[in-house]
**Q** 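Got a structure for you, written out below as structure tokens; questions coming shortly.
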Amino acid sequence: MTLSLYNTLSRAKEKFVPADPGRVTMYVCGPTVYSYAHIGNARPAVVFDVLVRLLRHQWPNVVFARNITDIDDKINAAAADQGVPIGTITEKFEKIYLDDMEALGVLPPDIDPHATDHIPEMIAMMEKLIADGHAYAAEGHVLFNVPSYAEYGQLSRRDRDEMIAGARVEVAPYKKDPSDFVLWKPSTPDLPGWDSPWGVGRPGWHLECSSMIEKHLGRSIDIHGGGVDLVFPHHENEIAQSTCAHGGDTFVKYWLHNGFVNVDQEKMSKSIGNVLLVHDLLKDAPGEAIRLALLNAHYRQPLDWTDDGLAQAKRMLDRLYGALRGLADLDPAGDTAPDPEFLAALNDDLNTPKALAALFDLSRQANSATDPEEKSRLKGVLLASSNLMGILQQDTEAWFAGGDIDQDGLSADQIDDLIEARNTARAEKNFAEADHIRDELAGQGITLEDGADGTKWRRG
RNA sequence: GGCCCGGUGGGAGAGAGGCUAUCCAGCGGAUUGCAAAUCCGUGUACACCAGUUCGAAUCUGGUCCGGGCCUCCA
């Protein structure tokens with residue numbers, strides 16, 4: 001089965017053929033750790049987590065790096081604000097980011113390079129670029145000279161004249177060309193800085209990714225991912241830097257970009273006050289539901305985040321876990337592969353909505369099946385498939401008990417006691433009492449399900 | 001202004017020249033002590049206007065509407 005991916009570079013779906021099948025390399029732009037991650041930050045993390053799972057299923061050795069940007073003007077501002085070193089800010093929010101992503105079922109990357117650990121590599125790359133005439137130093141800055149790279153603009157499909165014409169920022173006087181961008185900038189004593197051949201300074205935004213990719217993954221990698229907004233200028237600039245530093249070698253074979261998350265039809269912004277933090281969403285919804293809400297739309301489509309969408313994702317999981325609940329007493333058949341239709345959907349440019357439909361089809365089959373062997377097989381297929389999407393891996397009873405959300409209602413023991421009392425009443429045909437207990441539980445948000453093998457319950 | 005995406009049934013959301021997407025919600029039925037869950041069935045879809053075609057929601061052209069990027073941004 002072949003994987004095809006939509007490559008932003010060609011604006012077309014392409015068959016994925018890694019340069020080295022023995023070592024598939026992928027890099028995703030990670031967070032700038034200066035505050036809590038919002039739901040828009042979570043989308044690439046979740047989407048590319050699915051891609052990594054899929055790649056691992058089909059290739060023996062996948063090396064996945066996701067960086068942590070821990071030097072940046074917003075970080076500096078936050079640190080100055082609170083009167084603490086930047087490390088205080090970045091360590092705190094990196095930890096929070098990782099915890100939040102874990103709650104969304106995002107597996108940790110193989111490598112998580114930090115910008116501040118790669119200053120020497122960045123300096124080396126700048127020296128190389130300067131030596132080859134692609135960059136120059138001016139007034140404590142190092143700038144990349146865009147006209148030195150004829151292919152500039154290929155990813156975002158814009159030409160230089162347009163960019164200059166549309167430039168919204170005034171051009172710094174030390175720039176040789178208006179489109180030149182900063183690789184390194186000088187630091188004042190109140191700002192974090194590192195010694196360099198051009199004085200004490202700090203890196204510009206784009207260089208870190210180029211340096212870290214070169215160091216950890218190689219001069220040329222298979223996949224580079226991130227949000228669409230990074231196409232220009234960030235990824236365009238990465239291409240320019242890396243290609244020029246590497247004598248024209250292909251930097252990235254497949255460029256992947258996820259669509260934006262809007263909130264109630266509007267772009268998230270601090271001024272509107274509609275920024276939804278993953279940290280806050282996790283207080284009210286299971287991480288798995290948030291994850292599924294993100295995967296319920298195709299990754300390249302814009303996603304409108306709503307409370308209703310999240311509620312729907314939870315209901316979907318109820319249905320899926322409900323099917324697994326019906327298979328609880330069976331072991332999944334061993335040696336199970338994911339469902340072919342499910343896999344085909346994911347292999348078609350990560351069509352998670354279609355893959356989900358295959359999962360529902362399996363659930364329906366499982367709900368109808370009577371043969372234990374068939375049920376066992378379906379359980380195996382269901383679990384193997386959903387694992388590629390990073391869902392349905394927790395204990396079904398834990399899911400129906402409310403998952404990882406803090407509960408302030410009845411405890412599981414209390415519920416079980418009430419169910420036992422109700423079943424005693426039912427055995428005595430005292431249905432008035434039985435219904436009374438059920439109503440009482442319903443008042444606490446507990447729904448009961450009487451089945452052949454006893455009474456089960458769920459919250460919400 | 002330049003470049004690039006979209007407009008699918010009550011909601012979400014795939015697909016794609018002729019064949020049930022799927023899920024949520026609704027309705028009818030089966031099942032149930034009553035429920036819940038489940039199963040079966042079911043309704044008004046493809047922005048608009050032309051064109052290509054035996055046949056278009058799917059292709060082409062145009063129109064309208066919405067969104068994104070254009071050096072802060074996932």
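So you know, we letter chains A, B, ... as the sequences are listed, proteins then strands, and number each from 1.
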**Q** Exactly one of A/Tyr136, A/Tyr174, A/Phe181 should register a ring-ring contact (aromatic ring centres under 6.0 Å, His included) with A/His141. Which one does?
**A**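 Considering A/Tyr136, A/Tyr174, A/Phe181, a ring-ring contact (aromatic ring centres under 6.0 Å, His included) with A/His141 is found only for A/Tyr174.
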**Q** Go through A/Val52 and A/Leu107 one step at a time and tell me if the side-chain contact (heavy atoms from CB on, under 4.5 Å) criterion holds.
**A** CA-CA 9 Å; A/Val52 174; A/Leu107 302 170; over 6 Å; no
**Q** So what is the 5' to 3' dot-bracket string for RNA chain B, if pairs are Watson-Crick or G-U wobble with both distances under 3.5 Å, crossing pairs use [ ] and | means the partner sits on another strand?
**A** (((((((..(((.....[...))).(((((.......)))))....(((((..]....))))))))))))....
**Q** Can you identify which nucleotide, out of B/A74, B/A14, B/C70, has its nearest atom closest to the A/Phe232 side chain?
**A**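 Selected nucleotide: B/C70.
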**Q** Taking any heavy-atom pair under 4.0 Å as a contact, classify A/Glu236: base, sugar-phosphate, or nothing.
**A**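 It contacts nothing in the nucleic acid.
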**Q** Under 3.5 Å, is there a donor-acceptor pair between the A/Arg202 and A/Ser187 side chains?
**A**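 Note: A/Arg202 and A/Ser187 side chains meet the donor-acceptor criterion.
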**Q** Quick one: label A/His298 by what it contacts on the DNA or RNA (base, sugar-phosphate, nothing), any heavy atom closer than 4.0 Å.
**A**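 Since only primed, P, OP1 and OP2 atoms lie under 4.0 Å of A/His298, the category is sugar-phosphate.
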**Q** What parts of residues 310-330 of chain A reach RNA chain B, counting only heavy atoms under 4.0 Å away?
**A**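 Heavy-atom cutoff 4.0 Å gives A/Gln312, A/Arg315, A/Met316, A/Arg319.
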**Q** Would you say A/Asn423 and A/Arg426 are linked by a side-chain donor-acceptor pair, where the criterion is simply a distance under 3.5 Å?
**A**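 Result is yes, a qualifying pair exists.
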**Q** In whole Å, measure the gap between the P atoms of B/C34 and B/U42 for me.
**A**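 It comes out at 26 Å once rounded to the nearest Å.
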**Q** Go through the side-chain N and O atoms of A/Tyr34 and A/Asn76 and say whether any donor and acceptor fall under 3.5 Å apart.
**A**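 Note: A/Tyr34 and A/Asn76 side chains miss the donor-acceptor criterion.
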**Q** Could you list by number each residue of residues 367-386 of chain A showing a heavy-atom separation from RNA chain B of less than 4.0 Å, or answer none if no residue does?
**A**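 The stretch gives A/Asn367, A/Ser368 as the residues lying under 4.0 Å from the strand, ordered by number.
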**Q** I want to confirm an ordering. Mapping A/His38 and A/Ala357 to their closest nucleotides on RNA chain B, which one lands closer to the 5' end?
**A**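 The residue mapped nearer the 5' terminus is A/Ala357.
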**Q** Salt bridge or not between A/Arg315 and A/Asp318? Use side-chain N to carboxylate O under 4.0 Å.
**A**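 Judged by the 4.0 Å cut-off on N to carboxylate O distance, A/Arg315 and A/Asp318 do not form a salt bridge.
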**Q** Does any donor atom in the side chain of A/Asp308 or A/Thr306 lie under 3.5 Å from an acceptor atom in the other side chain?
**A**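 No, because no side-chain N or O of A/Asp308 sits under 3.5 Å from a partner of the opposite role on A/Thr306.
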**Q** In whole Å, measure the gap between the C1' atoms of B/C39 and B/U32 for me.
**A**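 13 Å, rounded to whole Å.
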**Q** I'd like to know if A/Arg291 and A/Glu288 make a salt bridge, using a cut-off of under 4.0 Å between side-chain N and carboxylate O.
**A**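 Salt bridge absent between A/Arg291 and A/Glu288.
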**Q** Look at A/Lys185 together with A/Asp73 and state whether they make a salt bridge at an N to O cut-off of under 4.0 Å.
**A**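 Salt bridge flag = yes for A/Asp73 with A/Lys185.
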**Q** For a quick check, with a 4.0 angstrom heavy-atom cut-off, what is the B/S/- contact string for nucleotides 30-36 of chain B, read 5' to 3'?
**A** ---BBBB
**Q** Under 4.0 Å between a side-chain N/O of A/Trp457 and OP1 or OP2 of B/A37, yes or no?
**A**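 No, no such contact exists.
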**Q** Of A/Leu303 and A/Asn41, whose closest RNA chain B nucleotide lies nearer the 5' terminus?
**A**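 Mapping each residue to its closest nucleotide by heavy atoms, the 5'-most match is A/Leu303.
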**Q** Between A/Asp49 and A/Arg66, does any NZ, NE, NH1 or NH2 come within less than 4.0 Å of an OD or OE carboxylate oxygen?
**A**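 Looking at A/Arg66 and A/Asp49, the cut-off is not met.
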**Q** Would you confirm whether A/Asn262, through its side chain, and A/Asp304, through its main-chain N or O, come within 3.5 Å as a donor-acceptor pair?
**A**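 Pair absent, no side-chain N/O of A/Asn262 close to backbone of A/Asp304.
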**Q** Which residues in residues 180-188 of chain A have at least one heavy atom lying under 4.0 Å from any atom of RNA chain B?
**A**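 Close to the strand, none.
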**Q** Would A/His436 and A/Asp439 count as having a side-chain donor-acceptor pair, cut-off 3.5 Å?
**A**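 A/His436 vs A/Asp439: no donor-acceptor pair found between side chains.
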**Q** Select one nucleotide: of B/G13, B/A74, B/U71, the one nearest the side-chain heavy atoms of A/Asp229.
**A**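 Out of B/G13, B/A74, B/U71, the nucleotide with an atom closest to A/Asp229's side chain is B/A74.
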**Q** Does the side chain of A/Asn67 come under 3.5 Å of the side chain of A/Tyr27 through a donor N or O and an acceptor N or O?
**A**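 The criterion, which ignores hydrogens and geometry beyond distance, is satisfied for A/Tyr27 and A/Asn67.
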**Q** Between P on B/G68 and CD on A/Gln265, what's the gap in Å once rounded to a whole number?
**A**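 About 11 Å, once rounded to whole Å.
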**Q** Kindly give the heavy-atom pair with the smallest separation between A/Leu104 and A/Ala42, and that separation in Å.
**A**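 So the minimum-distance heavy-atom pair works out to CD1-CB, 3.6 Å.
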**Q** Using a cut-off of 4.0 Å on non-hydrogen atoms, how would the nucleic acid contact of A/Phe260 be classed: base, sugar-phosphate, or nothing?
**A**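 A/Phe260: base contact, heavy atoms under 4.0 Å.
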**Q** Report yes if some heavy atom in the side chain of A/His224 is under 4.5 Å from a heavy atom in the side chain of A/Ile213; otherwise report no.
**A**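 In contact.
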**Q** Check A/Asp339 against A/Ala358 and note the closest heavy-atom contact, atom names and distance.
**A**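 What the structure gives for the nearest pair is OD2-CB, 3.8 Å.
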**Q** Taking atom C1' of B/U71 as reference, at what distance in whole Å does atom CG of A/Leu155 sit?
**A**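 It works out to 14 Å between those atoms.
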**Q** Which part of the nucleic acid, if any, lies within reach of A/Lys456 when heavy atoms closer than 4.0 Å are counted: base, sugar-phosphate only, or nothing?
**A**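 No contact.
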**Q** Using a heavy-atom distance cut-off of less than 4.0 Å, which residues of residues 7-16 of chain A contact RNA chain B?
**A**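 Only A/Arg11 qualify.
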**Q** Taking A/Leu295's backbone N and O only, do any of them form a donor-acceptor pair with A/Thr352's side chain (distance below 3.5 Å, no angle check)?
**A**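 Checked: pair present.
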**Q** Between B/G13, B/C23, B/C40, which one does the side chain of A/Arg364 approach most closely?
**A**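 Nearest to the side chain of A/Arg364 among the choices is B/C40.
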**Q** Rounded to whole angstrom, note down the C1' distance from B/G7 over to B/G18.
**A**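 Those two atoms are separated by 24 Å.
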**Q** Donor-acceptor check, side chain of A/Asp349 to backbone of A/Tyr6, threshold 3.5 angstrom: yes or no?
**A**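 At least one qualifying donor-acceptor pair exists.
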**Q** Is any side-chain nitrogen or oxygen of A/Asn351 closer than 4.0 Å to OP1 or OP2 of B/G15?
**A**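 Yes.
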**Q** Parallel, tilted or perpendicular for A/His134 and A/Phe144, by the 30°/60° rule?
**A**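 Plane angle under 30°, so parallel.
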**Q** Could you walk me through whether A/Leu282 and A/Leu277 pass side-chain contact (heavy atoms from CB on, under 4.5 Å), step by step?
**A** CA-CA 9 Å; A/Leu282 282 168; A/Leu277 304 179; over 6 Å; no
